[in-house]
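A short write-up of the structure that comes next.
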Amino acid sequence: MTQATTLAQDAEQGTSTAAKLEIDVASPSQIFRWKFMRHRLAVVSLIFLAAMYVMATFAEFVAPYNPYAIESSLVLAPPQPVHFIDSSGAFQARPFVYALKKSIDVNTGRITYYEDVTKPLPLGLFVQGDPYEFLGFIPWDVHLFGTQSGEVYSPLGKDQLGRDLFSRIVFGGRISLTLGFIGVFVGFFSGLILGGIAGLRGGWFDFILIRITEVLTSIPTLPIWLALAVALPQDWTVLQTYLAVTIILALFGVVSGASRTVRGKFMSLKEEGYVQAAVLDGAGTGRIIRRYLFPNFFSYQIADLTLAIPGMILAETALSFLGLGLQPPAISWGVLLQDCRAVRVLDTAPWLFIPAVFVVVVILAFNFIGDGLRDAADPYSRV
Amino acid sequence: MGRHIVRRLAAMIPVLFMISVLTFVVIQLPPGDFVDSYVKQQRAAQVKISPQEEASLRARYGVDEPLPTQYFRWMGGILHGDLGYSLALDQPVNEIVKSRLPYTVTIGVLSTLLLYAIAIPIGILSATRQYSKADYFFSVFGFLAMGVPDFILAVLFLWGFYKLTGDITVGLMDPQYVSEPFSLAKGANIISHLWFPALIAASTGTAATIRLLRANLLDELGKPYVTVALAKGVPRRRVIYKYPARMSMNPFIVSAAGLLAALVSGEVILSITLGLPTLAPIFLQSLKNQDSELAGSIVLILSALTVIGILLSDILLAVVDPRIRGSV
């Protein structure tokens with residue numbers, strides 16, 4: 001008994017010493033990874049977002065229907081719940097949905113849908129459906145899921161024209177998920193360079209940059225976005241409008257914000273004793289930035305970057321929601337949310353609000369990842 | 001200190017000038033002008049407008065004059081306190097602004113106050129009790145508030161409002177106050193209607209501020225001087241409030257400019273969604289009509305409000321951080 005305990009203690013101590021040794025010799029990037037992996041919510045978010053991006057990439061395959069296909073007999077049909085227990089109370093291993101039947105109130109003209117329990121539709125993976133071009137060039141007709149019989153199944157309901165909401169959300173992810181990434185990278189790196197120069201050199205460059213960013217940050221961005229979005233030519237293609245919206249959002253949101261914060265951080269850091277010491281030691285500007293300044297505000301910069309991506313996604317959604325920026329036939333989550341502006345429609349078909357859930361969850365995921373990165377990059381936090 | 005404020009005030013003038021040029025140019029960017037969109041609207045409504053009439057409209061409104069001429073005419077008026085004329089609403093801009101600006105300012109001030117009152121105590125609490133239950137609770141809460149865009153909150157609010165009252169417009173005050181002159185009771189009634197929209201407008205900024213404050217304070221609390229002060233027996237509360245809390249406000253006040261602008265943006269989208277009679281809905285309309293003097297004046301007013309906010313935050317920064325006070 002006693003022997004066993006000591007053995008166990010020994011083993012425990014052995015591993016902890018080994019772990020300690022491992023930490024002592026680990027490279028900064030390894031430590032960074034370990035710390036990040038410990039932030040469970042961030043790891044889950046990372047996996048979730050990766051799945052979302054895969055979904056958007058293979059939208060044609062994941063979406064059960066063409067996002068423009070109109071099913072006029074199923075306008076504003078509700079989501080069909082998945083069942084495992086059939087009408088006789090028996091458990092079915094293969095999940096199924098019921099076909100929808102509708103009744104029309106003669107007096108009000110209002111359509112109500114209900115499940116037709118006599119018509120169960122078994123679901124399947126990799127079922128045949130609408131033909132499409134996989135990755136844009138391989139003709140195919142297999143979809144990730146659907147009814148085996150090929151009957152209509154809308155997991156998240158239909159919109160006002162009878163288009164499949166889930167398919168539209170999947171395709172909308174293509175615009176909504178990429179726009180933030182591109183905009184933030186372009187905007188942030190320009191901001192980093194501008195703010196870095198201004199913070200280190202000071203003088204006239206700093207003065208002018210600060211005045212300009214002051215103008216840009218002191219204009220509340222939304223009115224300017226609205227003004228520029230109104231100015232976008234109506235006859236532009238979806239791609240042109242998409243790029244224009246990205247640049248507008250990045251220019252007025254990210255660049256000025258990033259250069260201002262980077263400048264502030266550089267200015268305060270360069271007064272620190274160890275930076276002064278390095279300067280007196282004759283270290284070059286490049287070395288000072290890389291070795292002494294950059295690692296010091298890395299955590300700050302990461303927090304900033306991850307805050308900026310959801311900010312861009314939000315901005316696109318808000319702009320499209322107001323009916324500016326991206327317009328139908330373009331599909332983005334903001335465009336889908338335009339349907340929610342009419343409260344009465346929303347009240348009869350609450351599932352039209354589901355795109356908002358996607359927006360919120362994606363934004364949350366970006367924030368969690370940012371938080372995990374921030375903790376991982378913090379040199380003062382322990383492994 | 002006095003010199004610092006004077007310098008900042010002087011620096012404001014070119015900023016406002018650049019904003020006014022920028023907005024005027026942006027508004028004139030779309031092809032066509034107000035008369036074009038007016039004629040198009042009238043034709044759509046089956047009203048016949050002869051080319052002569054169109055020409056006389058053009059001459060009267062001066063839309064064919066070169067851009068600089070139009071700009072300086074508008075600017076000259078502004079310097080005399082005249083914001084110009086709204087062609088679409090056929091009303092002086094001053095009148096429109098006078099009836100709507102108070103509500104914009106009320107929502108703005110209310111949301112700023114709510115933001116600071118909520119964010120600062122929670123930020124300090126979260127950082128000083130890192131990984132405590134309260135920290136987790138407020139982190140989740142803050143993340144949610146940051147993740148849910150204000151227009152989605154506004155839609156949810158409107159939806160709930162519709163469910164409860166069957167009404168689809170959120171009023172600013174109870175009906176009996178509408179035609180009454182301003183009184184304390186009326187003001188209180190307006191605030192009781194507006195505090196929730198103001199909270200929605202402030203939600204994103206509040207969450208961002210909590211996060212920023214927590215991150216900054218955590219960085220600051222890890223520094224050796226804090227350890228030394230604690231080791232020497234200075235009470236924990238005093239250590240935190242005397243230095244790290246103030247230090248962590250520094251980048252926070254710098255970004256106050258962005259927060260203020262975000263508040264105004266939040267107010268714009270909120271008012272449009274809820275149909276509140278602030279400057280925002282009319283601004284969207286004026287952009288679509290190319291009613292440039294009205295749209296330009298509104299951007300200028302909103303920007304001026306933000307610039308004044310930035311100035312206040314700069315002064316605050318100098319008060320909090322003696323190093324900055326010395327260097328300027």
Side-chain angles (χ1 to χ4, degrees), chain A residues 211-212 214-233 256-257 260-261 264-265 268 271 299-300 303 307 310 313-315 317-318 321-322 324 337 340-344 346-347 350 353 356 359-368 371 374 378-381, chain B residues 11 14-15 18-19 22-23 26-27 29-31 139 143-144 146-152 155-156 158-159 161-163 168 204 208 211-212 215 218-219 222-223 250-251 254-255 257-258 260-266 268-269 272-273 283-284 287-288 295 298-299 302-303 306-307 309-310 323:
Chain A
R211 289 293 91 80
I212 292 178
E214 203 160 81
V215 173
L216 290 182
T217 32
S218 56
I219 302 180
T221 38
L222 194 77
I224 284 295
W225 289 342
L226 295 181
L228 285 168
V230 169
L232 291 181
S256 51
R260 244 177 115 90
T261 43
K265 214 66 187 173
S268 64
E271 304 298 328
S299 64
Y300 198 83
L307 268 179
I313 295 177
L314 271 184
T317 319
F321 170 76
L322 288 180
L324 299 163
L337 283 173
C340 295
R341 287 190 70 184
V343 178
R344 291 207 176 89
L346 186 61
D347 196 45
F353 198 66
V359 174
V360 170
V361 176
V362 163
I363 288 169
L364 285 179
F366 269 114
N367 284 333
F368 287 136
D371 214 38
R374 187 202 156 266
D378 183 1
Y380 294 111
S381 81
Chain B
V15 170
M18 276 162 73
I19 291 173
L22 186 69
T23 49
V26 165
I27 286 153
L29 270 184
S139 292
F143 272 125
L144 270 178
M146 198 151 52
V148 185
D150 25 21
F151 75 92
I152 287 182
V155 168
L156 282 176
L158 196 60
W159 191 6
F161 187 78
Y162 173 73
K163 278 270 186 219
I168 56 166
T204 318
R211 226 173 104 89
L212 200 61
L218 279 177
D219 278 350
K223 290 199 173 159
N250 180 336
V254 171
S255 64
L260 282 170
L263 273 185
V264 172
S265 294
V268 168
I269 197 158
I272 294 174
T273 312
F283 171 65
L284 190 62
L287 281 178
K288 288 183 174 162
I298 293 178
V299 177
L302 294 180
S303 306
T306 324
V307 172
I310 294 175
R323 292 169 307 175

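Quick note on labels: first sequence line is chain A, next is B, and so on, each numbered from 1.
The shortest distance between side-chain heavy atoms of Leu322(A) and Phe151(B) does not fall below 4.5 Å. Residues Trp159(B) and Pro350(A) form a side-chain contact, since some pair of their non-hydrogen atoms from C-beta on lies under 4.5 Å apart. Two residues are said to be in side-chain contact when any heavy atoms from C-beta on lie closer than 4.5 Å; Val268(B) and Leu302(B) meet this criterion.
Heavy atoms closer than 4.5 Å to chain B are found in the side chain of Phe353(A), but not in its backbone. Proximity to chain B (any heavy atom under 4.5 Å) is restricted, for Leu337(A), to the side chain, taken from C-beta onward.
With chain B as partner, the option from Asp347(A), Val359(A), Val362(A) having the largest number of non-hydrogen pairs under 4.5 angstrom is Asp347(A). For the set Ile152(B), Thr273(B), Asp150(B), the entry with the most heavy-atom pairs within less than 4.5 Å of chain A is Ile152(B). Annotation: maximal heavy-atom pairing with chain A below 4.5 Å, among Ile298(B), Ile269(B), Leu144(B), Ile272(B), occurs at Ile269(B).
A cation-pi arrangement is absent between Arg344(A) and Tyr162(B) under the rule of less than 6.0 angstrom and at most 45 degrees off the ring axis.
Residues meeting the side-chain contact (heavy atoms from CB on, under 4.5 Å) test with Leu314(A), sequence neighbours left out: Ile363(A), Pro149(B).
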